[in-house]
**Student:** 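After the structure tokens below, expect a handful of questions from me.
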Amino acid sequence: MSYNEIKTTIDIGNGRHIEISTGKLAKQADGSVVVKQGDTMLLATVVSAQEPKPGADFLPLSVDYQEKYASTGRIPGGFLRREARLSDYEILISRLVDRALRPLFPEDYHADTQVMISLISADKDIMPDALAGLAASAALAVSDIPFNGPISEVRVAKVDGQLVINPLLSELERATLEFIVAGTAQDIVMVEGESKEISEAEMVEAIEFAHQTIKKQVAAQVELSQLAGKTAKREYSHEPSNPELRDQIFAATYDKVYQVAKTASAKHDRSEQFKQIGEEFIQTLGEELDDDTVFLVKKYYHDVQYDAVRNLILNEGIRLDGRDSRTVRPIWSEVDYLPAAHGSAVFTRGETQSLTSVTLGAKDDEQLIDGAFIHGYNRFLLHYNFPAFSTGEVRPNRGPGRREVGHGNLAMRSLKQVLPTGDENPYTIRVVSDILESNGSSSMATVCAGTLALMDAGIKIKAPVSGIAMGLITDEKTGKYAILSDILGDEDHLGDMDFKVTGTEKGIVACQMDLKINGLKWEVLTQALEQAKEARLHILNEMRKTIAEPRADYKPHAPRIVSFSIDKEFIGAVIGPGGKIIQEMQRETGATIAIEEIDGKGVVQVFADNKAAIDDAVRRIKAIAAKPEVGEVYEGKVKSIMPFGAFVEIIPGKDGLLHISEIDWKRFETMDGIFNVGDTVKVKLLDIDKQGKLKLSRKALIPRPEKNEA
């Protein structure tokens, strides 16, 4: 069997190339490609059903990115020793691709569609996440699935002051900004990343720089589809239509919906009024309604709400809750709300509320990251929970979904930038945000609540961080647009942009942007960033009214950590055979002890919630790690008795000989009755010979008697 493999190559600068090929692997998929850079290879496939499921009124798109452990020459951990459910890291990459692809499928295409991306070979310094969007879009490009692409994604970073596309993993440690940017040949559709307090202008510059490479990658996909003869797309008809019914619905409901939108009512009241208008119209159609008509009524009535809300904002500058475009909803916050937590805060902005807690843990509480490409330990965790009651709904609690993972990651990236590092922060920190109410941008409420809770816990963050979600309403016909600060949930759903920006007073630390329109002008993006800065600073000022800086000390009930170093030669002695010594110390003192070799030193952390336990453990460890010093006095324990003297342990693991002649100024003929094993005796270290043997004396601590007394 022969394969007609077709390839195209992209030059991404600095002598680096990306190769896309098709026609060799997974030929029964609607589209499949292999993307390769260095030794990193991704296999992307896409399959879409020929017909939608009955009643489908949306695109059932699933995007899954998975890393094969064999790609890095590793065997998975766990009992089964095989790849299992997607890790949070894989979910985050899946979301990056999904958010770039989804807006570009035709609105009336409703067939089940599945995109699968697998890491099948890995170069340890070439990150696969920056290639996943390119691979997925290329698979669509060589298929007959309708798609208004191609798109591509790249990572842009500023390393040593220079902007770089798809930098090496080793280079990212020196980066001051790092964004994944997705776009078509004409437009940007998605941005996500983090930075070290950069300016708005620097962010726009980085996105523009990334777009230049995106254009090259899109052109390569067009070339590949032409070489493969896959330029024609399948015919489909997934939605019925009835223009007369559409006109009827608009005529009967538009003005009513417009007036409700203008009343500045609360979220649930507004929803009920919208619902009532729709039900009243359905009653005018009679009782005999077929499924197609019901489907179209829902679709067209949604279009009514979409147009009415957007026109109200564009024509009158009035938003659903009555605000103008720049006003942030009322804010109140409180810290130390949970008396037993190590730090806590409540942050409420309008109808969005986060209750956030901080827990301080030891080194043993670090999170093990055991992925195929990335593995190691994580000392800062942020978990975001979005229960159904936060929106007044009933929904089973099945653990965090992809949305929760993504929102938590954005907040984590924001707060990570201001955490103290090294010896300034010995803790493993877990932040948990429970969303109690939601009507717009609960992830940004998490950033604000997380900042407050960290300061309440006494963590010396470099600067407070706040976040804001920006929206956009545009009219392509008239060119009108409105940038909205602090968007509501409905404004997110009905708007053209969801742009979340977090930062300190000095600059931006993270962002996440999703666009639903074509043709976002750079000047509009710049204006949105400047308006976001204004809102962020306003929120920071409101937060400072609650707590302006980290507490001077941790809470009285918070655990304490003492860190110190010992010579690496004593690491084994502290741990003991099979961990016997360290386990005994932990059991007897109640402290948690961690020890590891770093830079040729044994770094010890002692963790406990009371000072006495820490002091006891530190004393024991230092005694084990102490080096005997000639001239020092020790309180030792008799370990064994010999005819010529006694062996005394002056520090754990270090015995010395107390010769019979050094016990007292008096002369002893035998050792009988002088000491018992286990007795405590104070001795002075006289000498350490070349073999390391210790010579002890008790006599040296006793005043010499006068001659007549001798």
**Student:** Verify, without hydrogens or angle tests, whether S466 (side chain) and R536 (backbone) share a donor-acceptor contact under 3.5 angstrom.
**Tutor:** yes
**Student:** Between T72 (side chain only) and F373 (backbone N and O only), is there a donor and an acceptor less than 3.5 Å apart?
**Tutor:** no
**Student:** Could you tell me whether the side chain of F380 reaches within less than 4.5 Å of the side chain of N425, counting heavy atoms only?
**Tutor:** no
**Student:** Step by step, would you call L529 with V501 a side chain to side chain contact (heavy atoms under 4.5 Å, CB included)?
**Tutor:** CA-CA 8 Å; L529 282 167; V501 188; 4.2 Å; yes
**Student:** In this structure, are over 12 heavy atoms from other groups packed under 6.0 Å from F647 atom CZ?
**Tutor:**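 For F647, atom CZ is crowded (more than 12 foreign heavy atoms under 6.0 Å).
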**Student:** For A157 versus P167, what's the shortest heavy-atom pair and its separation?
**Tutor:**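 Scanning both residues, the minimum pair turns out to be CB-CG, 3.7 Å.
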**Student:** Do L96 and Y65 come within less than 4.5 Å of each other through their side chains, counting heavy atoms only?
**Tutor:** no
**Student:** Might you confirm whether atom NZ of K654 has over 12 heavy atoms from other residues, nucleotides or ligands at distances under 6.0 Å?
**Tutor:**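 At most 12 heavy atoms, drawn from other residues, nucleotides or ligands, come within 6.0 Å of this atom.
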**Student:** Is a salt bridge present between E596 and K363, judged by a nitrogen-to-oxygen distance below 4.0 Å?
**Tutor:** yes
**Student:** Is the backbone N or O of F386 less than 3.5 Å from a side-chain atom of S390, with the two atoms forming a donor-acceptor pair by type?
**Tutor:**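 No; zero donor-acceptor contacts below 3.5 Å.
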**Student:** Quick test of your reading of the model: are E424 and K460 salt-bridged, counting only N-O distances below 4.0 Å?
**Tutor:** no
**Student:** Is there a side-chain contact between M412 and N378 (heavy atoms, below 4.5 Å)?
**Tutor:**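 No, side chains not in contact.
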**Student:** Just one of E178, E192, E171 clears the salt bridge (charged side-chain N to carboxylate O under 4.0 Å, His left out) bar with R155, so which one?
**Tutor:**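 Answer to the salt bridge (charged side-chain N to carboxylate O under 4.0 Å, His left out) test with R155 among E178, E192, E171: E178.
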**Student:** Do other residues, nucleotides or ligands put more than 12 heavy atoms under 6.0 Å from the NZ atom of K684?
**Tutor:** no
**Student:** When you compare the side chains of E197 and Q417, does any donor N or O come within less than 3.5 Å of an acceptor on the partner?
**Tutor:** no
**Student:** Is there a donor-acceptor pair under 3.5 Å between the side chain of E67 and the backbone N or O of E90?
**Tutor:**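 A pair under 3.5 Å: no.
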**Student:** With sequence neighbours left out, what residues match R544 under side-chain hydrogen bond (donor to acceptor under 3.5 Å, both in side chains)?
**Tutor:**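 Per chain and number, R544 pairs via side-chain hydrogen bond (donor to acceptor under 3.5 Å, both in side chains) with E505, N541.
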**Student:** Around K699, counting heavy atoms of other residues, nucleotides and ligands shown, do more than 12 lie under 6.0 Å from its NZ?
**Tutor:** yes
**Student:** Can you establish whether the number of heavy atoms outside K695 located under 6.0 Å from its atom NZ is more than 12?
**Tutor:**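 Count not over threshold, so no.
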**Student:** Spell out, as yes or no, whether a donor-acceptor pair under 3.5 Å connects the side chain of R379 to the backbone of Y427.
**Tutor:**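 Looks like yes, one N/O pair under 3.5 Å.
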**Student:** Going through the checks in order, is the side chain to side chain contact (heavy atoms under 4.5 Å, CB included) test met by M127 and N166?
**Tutor:** CA-CA 8 Å; M127 300 184 70; N166 292 358; over 6 Å; no
**Student:** Using every non-hydrogen atom in the two residues, find where A449 and S354 come nearest and quote the distance to one decimal.
**Tutor:** CB-OG, 3.7 Å
**Student:** Would you say the side-chain atoms of H383 pair up with the backbone N or O of D434, donor to acceptor, closer than 3.5 Å?
**Tutor:**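 No; zero donor-acceptor contacts below 3.5 Å.
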**Student:** Mark yes or no for whether N676, through its side chain, and D679, through its backbone, hold a donor-acceptor pair below 3.5 Å.
**Tutor:** no
**Student:** Do L685 and E629 have side chains that get closer than 4.5 Å, going by heavy atoms?
**Tutor:**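 Heavy-atom side-chain distance check fails, nothing below 4.5 Å.
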**Student:** For F347 and S333, which heavy atoms make the closest approach, and how far apart are they?
**Tutor:**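 What the structure gives for the nearest pair is CD1-CB, 4.1 Å.
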**Student:** Is any side-chain heavy atom of T359 closer than 4.5 Å to one of V432?
**Tutor:**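 No; the side chains remain at least 4.5 Å from each other.
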**Student:** For side chain to side chain contact (heavy atoms under 4.5 Å, CB included), just list the numbers for M444 and L410, CA-CA rounded to whole Å, side-chain angles, deciding distance to a tenth of an Å, and then say yes or no.
**Tutor:** CA-CA 9 Å; M444 297 297 92; L410 176 60; 3.6 Å; yes
**Student:** Short question: side chain of Q66, backbone of L86 - any donor-acceptor pair under 3.5 Å?
**Tutor:** no
**Student:** Give a yes or no on whether the backbone of Y384 and the side-chain of S433 come within a donor-acceptor separation of less than 3.5 Å.
**Tutor:** no
**Student:** Counting only heavy atoms not in E173, do more than 12 sit closer than 6.0 Å to its CD atom?
**Tutor:** no
**Student:** Using 4.0 Å as the upper bound for N to carboxylate O, is an ion pair formed by D689 and K693?
**Tutor:**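 Between D689 and K693 there is no salt bridge, as every charged N stays at least 4.0 Å from the carboxylate O atoms.
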**Student:** When you look at CD of E584, are more than 12 heavy atoms from neighbouring residues, nucleotides or ligands closer to it than 6.0 Å?
**Tutor:** yes
**Student:** Minimum heavy-atom separation for Y554 to A457, with atom names?
**Tutor:** CD2-O, 3.2 Å
**Student:** For Q162, is the CD atom crowded, meaning more than 12 foreign heavy atoms sit under 6.0 Å from it?
**Tutor:** no
**Student:** So does I468 get a backbone contact from the side chain of R349, meaning a donor-acceptor N/O pair under 3.5 Å?
**Tutor:** no
**Student:** If you compare all heavy atoms of T592 against all heavy atoms of A362, which two are closest, and at what distance to 0.1 Å?
**Tutor:**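 Shortest heavy-atom separation between T592 and A362 comes out as CG2-CB, 4.4 Å.
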**Student:** Let me know which of K555, R560, H342 forms a side-chain contact (heavy atoms from CB on, under 4.5 Å) with L360.
**Tutor:**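 So the option named by the test is H342.
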**Student:** Which atoms form the tightest heavy-atom contact between V638 and A646, and what is the distance?
**Tutor:**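 That would be CG1-CB, 4.4 Å.
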**Student:** Side chain to side chain contact (heavy atoms under 4.5 Å, CB included) for E200 and I508? Distances and angles first, verdict last.
**Tutor:** CA-CA 7 Å; E200 285 70 18; I508 296 168; 4.0 Å; yes
**Student:** Between R620 and D616, does at least one N-O distance fall below 4.0 Å, as a salt bridge requires?
**Tutor:**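 Salt bridge between R620 and D616, a charged N being under 4.0 Å from a carboxylate O: yes.
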